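The structure under discussion appears below in the form of structure tokens.
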Number of protein chains: 2
Amino acid sequence: MALNATLAAPSKSRLAYDFIKARIEDSRYSPGYRLVLGAIAGELGVSVVPVREAIRLLEAEGLVQFERNVGAQVAMADPREYEVTMQTLSLVEGWATAASAPFMTADDVARARATNDQLAESLHHFDPVAFTRLNLDFHSVLFEHCPNPHILDLVDRGWARLRALRESTFSFVPGRAKESVAEHAHILDLIEGSADPVELEFAARNHRLATLDAFLAHERARLHHSDQPTQESA
Amino acid sequence: MALNATLAAPSKSRLAYDFIKARIEDSRYSPGYRLVLGAIAGELGVSVVPVREAIRLLEAEGLVQFERNVGAQVAMADPREYEVTMQTLSLVEGWATAASAPFMTADDVARARATNDQLAESLHHFDPVAFTRLNLDFHSVLFEHCPNPHILDLVDRGWARLRALRESTFSFVPGRAKESVAEHAHILDLIEGSADPVELEFAARNHRLATLDAFLAHERARLHHSDQPTQESA
DNA sequence: GTGTACGAAATAATATACGATCTCATCACA
DNA sequence: TGTGATGAGATCGTATATTATTTCGTACAC
């Protein structure tokens, strides 16, 4: 009987799933990288069957693209994909935040404020990775009490997808981070004031959409100024 | 070269996926039904590998529950699951409807009205299956122009899940169907009047939540009146 | 020189086989 | 009568092997 959960070895397919997903999220496998069944299987010391299963699951989550008889590759990171992902996340995250609010404790709010202070602090020294982590910490507190597990799962998937898309490539627009911190504070004020749920939902939704809009405006400006397709990455 | 798409045989895993999903949705495999790999593989004339893959994908969609070394079964249909599914669907469907509206043609609206008339007609002779089909036809027109493919996919999954949950078991509450038809008409009026997108989103969202609320109220009343746990199924 | 046909190498898709794990009935013993 | 051990059967998990498909290099024809 497998009561002793600490000893239960993960299945090979789970192993492969975690292995590949982690590499996609931290960009060791970057968009377009080709996922060859045999190679990954060899690296992991398992057969191709569980690796294939893992890849098909990641395909269902949108992290990889799969073509029959050809193979899989890490999903491409084009602006349109970023836009669609951000829209979807704005929708589910907004709801999750509003639905979580009634269950938040004073301590939760205090933790979120502390994290937001750290975010404000981090504005002085440019560090996309740290900012992204703190940002997730902040939002995690906001939706961790979400009573709808399906929607919470969609929020998780959205964040995973953003990481896979190399969020920092897209979302670091000059000046946006500062606005973001201010919007966080506003959301916390609404929560503390037990604001109307719809108002809170739209504050959270628009917070994310504002980041998207900043990117789109920045992109348009960039394309307008210099028509040469040089892609300066941060 | 596989240019001739008409001749391209579906993969075995796709075959198994469609086979199982169809059976879940039309209740030949009802909630709790045990999905035995070998049995399904034998029935389909394929090996267990693609069947297993199909089942894991269906698990990711929430249509089946899977337990390691034990097996899979069609997801159970309890009221809580219905509630969560309806909430999620209300969210994504509301957005999809509002986002589709600007792209709807006069013909689209006319088609939707005609379908709603048929729905009104069908109220006279009780036929859950026909009602459900017409209802999907109606809503399909409303969100078919949704510009966000992720959200459209979530809407599809929500509907699939409702079918799997034997929607009719839950959602047929006396009098609700008639209200539903009236709400449909209201939504069409908003679309024709180019109403505020947020107003439209909430009209569509609340339309679904009203169905959920009717069920929950009906359920409470039922539990209150007769405490005996007899489950009278239609 | 350009395009097409062919074939070898790489890779995916799936069948088969076997070992691992769970379930459940049975039985021993308190 | 109840509780725990035991083993057979069922089923899952995955390695291995085979087949099918694609890709790409090379040679040949025009």
Side-chain angles (χ1 to χ4, degrees), chain A residues 1-21 23-24 29 31-76, chain B residues 1-21 23-24 29-61 63-76:
Chain A
M1 55 191 75
L3 288 178
N4 195 340
T6 58
L7 284 183
S11 69
K12 304 299 171 85
S13 63
R14 179 60 190 270
L15 193 72
Y17 176 88
D18 291 341
F19 179 89
I20 300 168
K21 187 168 184 174
R23 262 143 239 266
I24 292 175
Y29 293 168
Y33 181 89
R34 207 151 160 232
L35 301 168
V36 178
L37 295 186
I40 295 174
E43 200 173 347
L44 270 171
V46 304
S47 73
V48 297
V49 178
V51 174
R52 179 186 158 89
E53 185 175 294
I55 286 178
R56 301 263 352 224
L57 288 173
L58 290 166
E59 184 203 10
E61 289 180 43
L63 294 186
V64 313
Q65 291 168 337
F66 195 89
E67 197 179 348
R68 170 119 187 251
N69 283 323
V70 175
Q73 59 180 43
V74 178
M76 299 307 292
Chain B
M1 54 192 75
L3 288 178
N4 196 339
T6 58
L7 284 182
S11 70
K12 304 299 172 80
S13 64
R14 178 61 190 269
L15 193 72
Y17 176 89
D18 291 340
F19 179 89
I20 300 168
K21 187 169 184 174
R23 262 144 238 268
I24 292 175
Y29 292 168
S30 53
Y33 181 89
R34 218 163 145 223
L35 301 168
V36 178
L37 295 187
I40 297 174
E43 199 173 347
L44 271 171
V46 303
S47 74
V48 297
V49 178
V51 174
R52 181 186 156 89
E53 184 175 293
I55 287 179
R56 300 267 348 227
L57 288 173
L58 290 166
E59 184 202 11
E61 290 181 43
L63 294 186
V64 313
Q65 291 168 336
F66 195 88
E67 198 179 347
R68 171 123 185 248
N69 282 323
V70 174
Q73 60 180 41
V74 179
M76 299 307 292

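Since the model is a prediction, treat every value here as computed from it, not as a measurement.
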Could you pull out all donor-acceptor pairs under 3.5 Å where a side-chain atom in residues 13-20 of chain A meets a protein atom, sequence neighbours excluded?
residue : atom : partner : partner atom : Å
A/Ser13 : OG   : A/Ser11 : OG           : 3.3
A/Ser13 : OG   : A/Glu53 : OE2          : 3.2
A/Ser13 : OG   : B/Arg56 : NH1          : 3.4
A/Arg14 : NE   : A/Asp18 : OD1          : 3.2
A/Arg14 : NE   : A/Asp18 : OD2          : 3.1
A/Tyr17 : OH   : A/Lys21 : NZ           : 3.2
A/Tyr17 : OH   : A/Glu61 : OE1          : 3.4
A/Tyr17 : OH   : A/Glu61 : OE2          : 2.3

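- In this structure, the nucleotide among D/dA15, C/dT14, D/dT11 sitting nearest to the side chain of A/Lys12 is D/dA15.
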Below 3.5 Å, can you tabulate the donor-acceptor pairs from side chains in residues 31-51 of chain B to any protein atom, sequence neighbours excluded?
residue : atom : partner : partner atom : Å
B/Arg34 : NH2  : B/Val70 : O            : 2.8

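- Rounded to a whole Å, the CZ atom of A/Arg52 is 12 Å from the C1' atom of C/dT11.
- Within residues 58-68 of chain A, the residues having any heavy atom under 4.0 Å from DNA chain C are, by residue number, A/Phe66, A/Arg68.
- Look at CD on A/Gln73: it is 12 Å from P on C/dA12, rounded to the nearest Å.
- Residues of residues 37-51 of chain B having a heavy atom closer than 4.0 Å to DNA chain C, listed by number: B/Val46, B/Ser47, B/Val49, B/Pro50.
- Looking at heavy-atom distances under 4.0 Å, B/Leu15 makes no contact with the nucleic acid at all.
- A/Ile24 CD1 to A/Gln73 CD: the interatomic distance, rounded to the nearest 0.5 Å, is 11.0 Å.
- Distance CG (B/Asn69) to C1' (D/dA10): 12 Å, rounded to an integer number of Å.
- When distances run from any side-chain atom of B/Val36 to the nucleotides D/dT11, C/dA12, D/dT14, the shortest one goes to D/dT11.
- To the nearest angstrom, P of C/dT14 lies 14 Å from CD of A/Glu53.
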